There are 2 protein chains.
Amino acid sequence: MRGEQTPRLREALEDDIVAGRLRPGQRLDEVSLAERFGVSRTPIREALIQLSASGLVDIRPRRGAHVTLLGPRELVESFELMAEIEASCARLAAARMSAADRAAIAAAHAECREAVAAGDDAAYYPANAVFHAAIYAATGNRVLGAEALRLQRALQPYRRLQLKVPRRMDASFAEHEAILEALFAGDGATAAERLRAHVLVQGERFMSLLAALEEA
Amino acid sequence: MRGEQTPRLREALEDDIVAGRLRPGQRLDEVSLAERFGVSRTPIREALIQLSASGLVDIRPRRGAHVTLLGPRELVESFELMAEIEASCARLAAARMSAADRAAIAAAHAECREAVAAGDDAAYYPANAVFHAAIYAATGNRVLGAEALRLQRALQPYRRLQLKVPRRMDASFAEHEAILEALFAGDGATAAERLRAHVLVQGERFMSLLAALEEA
DNA sequence: AGCAAAAAATCTGTATACATGAAGATTGAC
DNA sequence: GTCAATCTTCATGTATACAGATTTTTTGCT
């Protein structure tokens with residue numbers, strides 16, 4: 001066949017993981033996946049290796065590939081890294097964003113507002129991701145932006161759970177508003193601090209949820 | 001054979017790239033590499049994919065693998081990302097480092113001092129890397145630390161050139177001293193700012209060098 | 001009936017084979 | 001002599017084959 005299998009497979013698997021159709025910890029059998037996608041094991045294997053590198057899949061020698069299941073410690077550390085990177089994005093975006101960047105952020109924020117007004121969790125979820133991504137893009141630094149996006153996707157499966165926390169959506173939107181205010185005022189330091197806290201609180205709330213779940 | 005080839009190959013190739021034996025832009029022919037290491041193309045291919053994910057190798061469809069050659073823009077952006085991450089490390093390390101972490105940083109700094117005293121570029125180079133790595137480790141955040149190390153290695157091939165700038169070693173060491181002072185005083189904000197500047201200046205100096213080279 | 005040990009089945013890791021697309025060489029024309 | 005087009009060669013991408021290891025199942029013993 002023509003040389004287009006591996007990227008397609010990687011994207012398909014990535015979508016499955018990020019969207020939650022494949023859950024953290026689940027085994028990824030090469031033969032089954034090969035049959036499912038109608039290809040041989042080779043491109044499946046290559047796609048899994050790539051996903052392993054971006055953190056979505058965990059491959060251990062002779063034990064196969066599994067959807068990454070972060071332990072409590074790694075989860076806290078990952079959210080902290082995310083918070084630091086997003087804070088950097090905010091600081092740089094405040095200093096550099098173009099009019100188009102500003103418009104994109106405002107548009108994403110409006111999307112979030114609509115979801116909140118409608119009380120629609122399912123709609124807030126992607127709108128939130130777009131809002132954050134718009135800030136990454138506004139830094140003008142594509143390497144930094146790509147890194148932020150990679151982390152965002154790696155943590156997506158875990159955020160899913162946490163959004164079920166009551167009233168989280170409203171609190172999240174209020175935080176967005178404060179971030180946006182500082183950002184548009186050109187106050188990078190404040191925007192960075194608020195965005196850092198916004199991300200960190202997600203990690204903390206998730207940990208609380210995790211602790212509660214483990215009690216049961 | 002036993003399942004130990006791919007990791008070994010990845011490390012060998014990574015060493016070759018980071019140490020400069022394989023230069024940015026150089027082609028990585030799968031068949032030649034397979035012959036050189038006495039294995040088939042399969043594990044070579046898997047190692048290359050992994051290196052591609054960590055940024056050391058660039059694979060383009062039907063065009064083969066090459067040692068990553070960052071363009072001017074990507075280089076500036078990568079150094080900026082590195083600067084942001086290292087600044088975060090400094091801030092967190094100042095707040096959290098243990099006595100052992102402090103000792104490790106001090107030891108690495110002493111190594112750097114010896115290299116400077118001896119005027120030994122070749123020795124300063126790895127000692128500098130260890131000094132920075134000690135700060136990453138002192139954050140207590142392994143995910144963050146791993147990310148910082150990954151970037152450090154990806155940029156290593158470019159730093160090599162830049163260390164040839166006259167008197168850069170002395171300036172670098174002086175900056176280390178200022179960073180260490182703030183760090184040991186528990187002043188995370190100052191340590192972060194100094195480390196950020198320390199990394200950024202490397203990127204800028206490199207760009208000047210690059211511009212000078214392109215003139216010739 | 002429960003547990004342990006051995007055998008069978010299965011899956012991973014590596015090697016090899018083959019086809020398609022790309023790069024280079026050679027030949028022909030201007 | 002130079003440029004272009006075609007053909008040849010070669011490398012990548014995918015498929016398939018095979019060996020070793022791991023896991024599961026089955027069987028025998030307590």
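Since the structure is predicted, the reported quantities are computational estimates derived from the model, not experimental observations. Protein chains get the first letters and strands the later ones, always in sequence-line order, with residue 1 at the start of each.
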**Q** What pair of heavy atoms forms the shortest contact from Q152(A) to A133(A), and how long is it?
**A**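 Minimum heavy-atom separation between Q152(A) and A133(A): NE2-N, 4.3 Å.
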**Q** Could you tell me whether the side chain of F37(A) reaches within less than 4.5 Å of the side chain of L13(A), counting heavy atoms only?
**A**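 Answer yes - side chains close enough.
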**Q** Could you give the CD-to-P distance, from E46(B) to dT14(D), as a whole number of Å?
**A**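 To the nearest whole Å, that distance equals 13 Å.
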**Q** D58(B) side chain to H66(B) main-chain N or O, any donor-acceptor pair under 3.5 Å?
**A**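 Between the backbone of H66(B) and the side chain of D58(B) there is no qualifying donor-acceptor contact (under 3.5 Å).
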**Q** Taking the nucleotide of DNA chain C with the nearest heavy atom to each, does S40(B) or G64(A) sit closer to the 5' end?
**A**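 Closer to the 5' end of DNA chain C: G64(A).
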**Q** To the nearest angstrom, how far is R60(B) atom CZ from dA22(C) atom C1'?
**A**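 Going from CZ in R60(B) over to C1' in dA22(C) covers 13 Å.
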**Q** Please tell me which of R63(A) and V31(B) maps to the more 5' nucleotide of DNA chain D, matching each residue to the nucleotide holding its nearest heavy atom.
**A**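 Nearest-nucleotide comparison on DNA chain D picks V31(B).
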**Q** Checking contacts here: which listed nucleotide (dG13(D), dT16(C), dA11(D)) is nearest the side-chain heavy atoms of D29(B)?
**A**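 From the listed options, dA11(D) comes nearest.
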**Q** How close do G145(B) and Y136(B) get, counting heavy atoms only, and between which atoms?
**A**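 Heavy atoms only, the tightest pair is CA-CB, 4.1 Å.
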**Q** Could you check whether any side-chain N or O of T139(A) sits under 3.5 Å from a backbone N or O of I135(A), counting only pairs where one atom can act as donor and the other as acceptor?
**A**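 Between the backbone of I135(A) and the side chain of T139(A) there is no qualifying donor-acceptor contact (under 3.5 Å).
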**Q** Distance check needed: dA17(C) C1' versus R45(B) CZ, whole Å only.
**A**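 That distance rounds to 14 Å.
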**Q** When only distance counts, do a donor and an acceptor, one from the side chain of R41(B) and one from the base of dG13(D), lie under 3.5 Å apart?
**A**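 Yes.
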**Q** Determine whether any donor atom in the side chain of R62(A) lies under 3.5 Å from an acceptor atom in the base of dT12(C), or the reverse, and answer yes or no.
**A**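 Result: at least one qualifying N/O pair found.
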**Q** Could you check how far CZ of R8(B) sits from P of dG13(C), rounded to whole Å?
**A**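 Going from R8(B) (CZ) to dG13(C) (P), I get 16 Å.
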**Q** Under 3.5 Å between N/O atoms: give me all the protein pairs with nucleotides 6-9 of chain C, atom names plus distance.
**A**
none

**Q** Enter the distance from E175(A):CD to L195(A):CG here, rounded to the nearest 0.5 Å.
**A**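 Those atoms lie 10.0 Å apart.
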**Q** Please report the distance, rounded to the nearest Å, between CD in E30(B) and P in dG21(C).
**A**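 Rounding to the nearest Å, CD of E30(B) and P of dG21(C) are 18 Å apart.
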**Q** Look at T6(A) and dT14(D) and indicate whether a side-chain polar atom (N or O) is within less than 4.0 Å of OP1 or OP2.
**A**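 Indeed, a polar side-chain atom of T6(A) lies that close.
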**Q** Nearest whole Å is fine: how far is dT20(C) C1' from E4(A) CD?
**A**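 Computing the E4(A):CD to dT20(C):C1' distance gives 12 Å.
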**Q** Under 4.0 Å from OP1 or OP2 of dA23(C): is there any side-chain N or O of R27(B) that close?
**A**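 Answer is no, no contact under 4.0 Å.
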**Q** What is the distance from CD1 of I44(B) to P of dA11(D), rounded to the nearest Å?
**A**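 After rounding, the reported distance stands at 14 Å.
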**Q** Looking at dC11(C), dG13(C), dT16(D), which one has an atom nearest to any side-chain atom of T42(A)?
**A**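 Minimum distance to the T42(A) side chain belongs to dT16(D).
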**Q** Would you call the rings of H176(A) and H132(A) parallel, tilted or perpendicular if under 30° counts as parallel and over 60° as perpendicular?
**A**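 The rings of H176(A) and H132(A) stand perpendicular, inter-plane angle above 60°.
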**Q** Atom CD1 of I49(A) to atom P of dG13(D): distance rounded to whole Å?
**A**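 Going from CD1 in I49(A) over to P in dG13(D) covers 13 Å.
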